[in-house]
Structure formats: structure tokens, C-alpha cells
Number of protein chains: 2
Amino acid sequence: MTNLEPTDRAILRELAADGRCSFTDLAERVGLSVSAVHQRVRRLEQRGVVKGYAARLDGDEIGLPLTAFISLTPIDPAAPDDYPRRLEHLPQIEACYSVAGDASYVLRVRVASPTALEEVLRQIREAAHVSTRTTVVLSTPYEDRPPAV
Amino acid sequence: MTNLEPTDRAILRELAADGRCSFTDLAERVGLSVSAVHQRVRRLEQRGVVKGYAARLDGDEIGLPLTAFISLTPIDPAAPDDYPRRLEHLPQIEACYSVAGDASYVLRVRVASPTALEEVLRQIREAAHVSTRTTVVLSTPYEDRPPAV
DNA sequence: TATGAAAAGACTCCTCA
DNA sequence: TGAGGAGTCTTTTCATA
């Protein structure tokens with residue numbers, strides 16, 4: 001972590017809430033000239049503070065209405081821990097977290113149907129040689145809220 | 001869900017991977033004129049397929065290096081289910097999922113330190129009158145991968 | 001680091017197909 | 001729906017403080 005100035009924080013807040021905000025608007029909102037904001041954003045990107053920009057898509061609308069969390073527990077405790085790499089080819093997996101607790105990893109997956117979930121579970125068990133515990137998401141009151149920079 | 005044309009899918013893939021991509025680049029990548037792409041993106045936004053755009057920030061760099069999943073279980077089973085509303089004022093909560101399984105909800109929180117996690121757990125229990133079960137994230141091999149549109 | 005200016009490039013709207 | 005073009009606004013770079 002590198003310390004962030006208030007101006008940089010303000011820029012990050014705006015970009016987290018509206019990733020396509022123009023530099024002109026950004027400059028106005030944070031009270032700086034366009035070129036100064038431009039320079040700061042470039043630096044935040046280069047330092048890796050901003051990792052990228054993404055459109056947020058509606059799961060239902062894109063035909064992937066079913067989200068689930070899948071906890072992974074290794075079957076063979078002596079096996080090397082390369083689960084993320086073994087699973088990254090599965091596009092249904094949106095996120096992979098290494099966690100403290102009963103499980104070793106938690107995955108967040110997004111699929112079209114219960115059948116598709118069953119299939120991806122089969123693929124996960126096969127590719128990573130793990131046992132799984134699945135928590136199905138019924139609805140998402142909120143998601144992707146901007147972090148409190 | 002509304003059916004998506006291949007062209008719209010291609011546009012969504014590009015915008016999910018690079019939310020600040022210019023219309024000019026988009027047009028080139030999906031093989032359409034700038035104005036046609038522009039029109040399609042506008043429609044995808046209006047239909048709610050694209051819910052918005054966001055900068056992806058690095059948790060460590062913004063001073064919030066600790067992520068955790070918190071499962072919520074109501075203490076009083078007869079209490080009305082308004083937990084998301086009771087918790088939305090806490091900015092540390094990035095996502096709230098209603099789930100099937102042992103717990104009623106799963107939250108994803110991002111905080112500065114173990115002490116800050118302790119404090120947000122206290123606030124959650126107080127605001128929602130729930131018991132909590134916390135899974136601390138040790139590392140994040142990947143996150144926010146673009147969905148397989 | 002911040003600014004303003006200037007050139008290059010992108011957005012937006014329009015008309016026509 | 002898609003293409004092309006014209007005018008306006010943005011982005012990007014640079015010289016300067």
C-alpha cells in the first residue's frame with residue numbers, strides 16, 4: 001500500500017462509481033485541470049492502484065442467472081496446492097479466493113442453469129481433485145458497491 | 001433475460017474486459033461502424049444488460065487489504081427479513097447475497113485491518129440482530145473475471 | 001505537480017441506404 | 001439496422017511555471 005492523497009482518493013471514488021467518466025467531468029468533480037487529472041489517473045494506473053475498468057453486466061440479461069459459491073477441500077492433503085491454476089480455464093469461475101477456515105478455497109461461479117452448475121461442479125472436482133460444498137445464491141440485494149476509498 | 005445477438009455478445013465481452021474501450025476501438029473489434037456500435041451500446045445500457053462501468057481497484061493499494069465473507073444467521077426466526085436494508089449503510093460491505101443453505105445471507109466485506117473487521121462485525125450484529133460466521137480471505141488468485149457472455 | 005494551449009482523435013447526431 | 005460524414009467535444013502531449 002502506498003499512501004493516497006485526498007485528491008487521488010476523490011479520483012478513485014469517481015472512477016469506481018463511474019468507470020467511463022470523461023477526464024473533463026472528472027476534472028470538474030475533483031476541482032483540478034483536465035491535464036492534471038489525466039496525469040494522476042495515468043499514474044494510478046501505472047502504480048496498479050487502478051487494475052482496470054469493466055462493464056458491470058446483468059446476470060439474468062446475459063443468460064447466466066445462477067450464481068453460486070463453491071468451497072473447495074482437498075481430497076489428498078499431500079497434493080501440491082495449485083488449485084487456482086488447475087481451475088482457471090473454466091470461464092464459469094468469476095473469482096477464486098484462498099481462505100482461512102474449513103475450506104481451502106472459495107469460488108464464485110455464474111452459470112445458465114442447475115444443469116450447468118452440476119456440470120461445472122463435475123469439471124471442478126475432476127480438474128482439481130477436491131470435494132466441494134456449494135451455496136446457491138437466491139438473489140443479490142447488492143453487489144460491486146464501490147469500496148470506501 | 002432477453003436473447004442476445006452474437007454482435008451484442010461480442011460488444012459485451014469487450015466492454016466487460018475493457019470498460020473504457022473507445023467506440024472507435026469497439027467498432028473495429030466487433031466489425032461494425034462506429035455509429036452502429038454506439039447505437040447498440042446505448043440499447044444494451046437502456047435495457048439494463050449493462051448496469052454500469054467501474055474501475056477495479058487494488059485492495060492493498062487503497063489501504064483495504066483485508067477481505068472476508070460473513071455468513072448471517074437470524075437470531076430471531078420470526079423477525080422480518082429486511083437485513084440487506086439494515087446493512088446497506090455500512091460502506092465496508094461490497095456485496096450482499098441471499099443464499100440457500102445454513103445461512104440466510106453472505107456478505108463480502110473489505111476493511112483495513114483485523115481491528116476494523118472486528119468493528120464491522122459488531123456493527124453488523126447490532127444493525128441486523130444476526131449471528132455471524134466469518135471466513136477470512138488470505139489471498140485472491142483471481143477476481144472479477146469477465147463472465148462468459 | 002499544476003496549468004493552458006494545440007493537435008489528434010473520439011463522440012454524437014444526422015441523413016441516406 | 002447499418003454506414004458515412006460534419007461539427008463539437010475529449011484526449012493527449014508539451015512547454016512553462
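Since the structure is predicted, the reported quantities are computational estimates derived from the model, not experimental observations. Every chain is numbered from 1, with letters handed out A, B, ... down the list of sequences. Computed over heavy atoms, backbone and side chain alike; hydrogens, waters and symmetry mates excluded.
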> Rounded to the nearest Å, what distance is computed from the CG atom of residue A:Leu32 to the C1' atom of nucleotide D:dT10?
Replying inline: 17 Å

>> Check the phosphate of C:dC11 against B:Thr24, side-chain N and O only, distance under 4.0 Å to OP1 or OP2. Yes or no?
In response: yes

>> When you compare the side chain of A:Arg56 with that of B:Tyr53, does any pair of heavy atoms fall below 4.5 Å?
In response: no

> Between atom OH in A:Tyr53 and atom C1' in D:dT11, what is the gap in whole Å?
Replying inline: 13 Å

> Should A:Arg42 be listed as having a side-chain N or O under 4.0 Å from OP1 or OP2 of D:dT13?
Replying inline: no

> Does any non-hydrogen side-chain atom of B:Val37 lie less than 4.5 Å from one of B:Leu32?
Replying inline: yes

>> Using a 4.0 Å heavy-atom cut-off, does B:Ser22 contact any base of the nucleic acid, only the sugar-phosphate backbone, or nothing at all?
In response: sugar-phosphate

> Counting any heavy atom closer than 4.0 Å, what does B:Ala36 reach on the DNA or RNA strands: base, sugar-phosphate only, or nothing?
Replying inline: sugar-phosphate

> Rounding to a whole Å, what distance do you find between A:Arg20:CZ and D:dC9:P?
Replying inline: 19 Å

> Can you find a donor-acceptor N/O pair under 3.5 angstrom joining the side chain of A:Ser35 to the base of C:dG4?
Replying inline: yes

>> Output the rounded distance in Å from CG (B:Asp25) to P (C:dG9).
In response: 12 Å

> Does A:His38 put a side-chain nitrogen or oxygen below 4.0 Å from OP1 or OP2 of D:dT12?
Replying inline: yes

> Where the side chain of B:Ser33 is defined as all heavy atoms beyond and including C-beta, which of C:dT3, C:dT12, D:dG2 is the nearest nucleotide?
Replying inline: D:dG2

> When the distance from CZ of A:Arg40 to P of D:dT13 is rounded to whole Å, what number comes out?
Replying inline: 18 Å

>> Is the shortest side-chain heavy-atom distance between A:Val106 and A:Leu72 below 4.5 Å?
In response: no

>> Between P on D:dG4 and CZ on B:Phe23, what's the gap in Å once rounded to a whole number?
In response: 18 Å

>> As a quick check of understanding, evaluate salt bridge (charged side-chain N to carboxylate O under 4.0 Å, His left out) for A:Lys51 and A:Glu45, giving each step before the final call.
In response: CA-CA 7 Å; A:Lys51 291 191 292 183; A:Glu45 288 170 356; over 6 Å; no

> Given A:Glu143 and A:Arg110, is the salt bridge (charged side-chain N to carboxylate O under 4.0 Å, His left out) satisfied, shown in steps?
Replying inline: CA-CA 14 Å; A:Glu143 197 179 12; A:Arg110 199 184 281 273; 3.8 Å; yes

>> Expressed as a whole number of angstroms, how long is the span from A:Gln39:CD to D:dA17:P?
In response: 17 Å

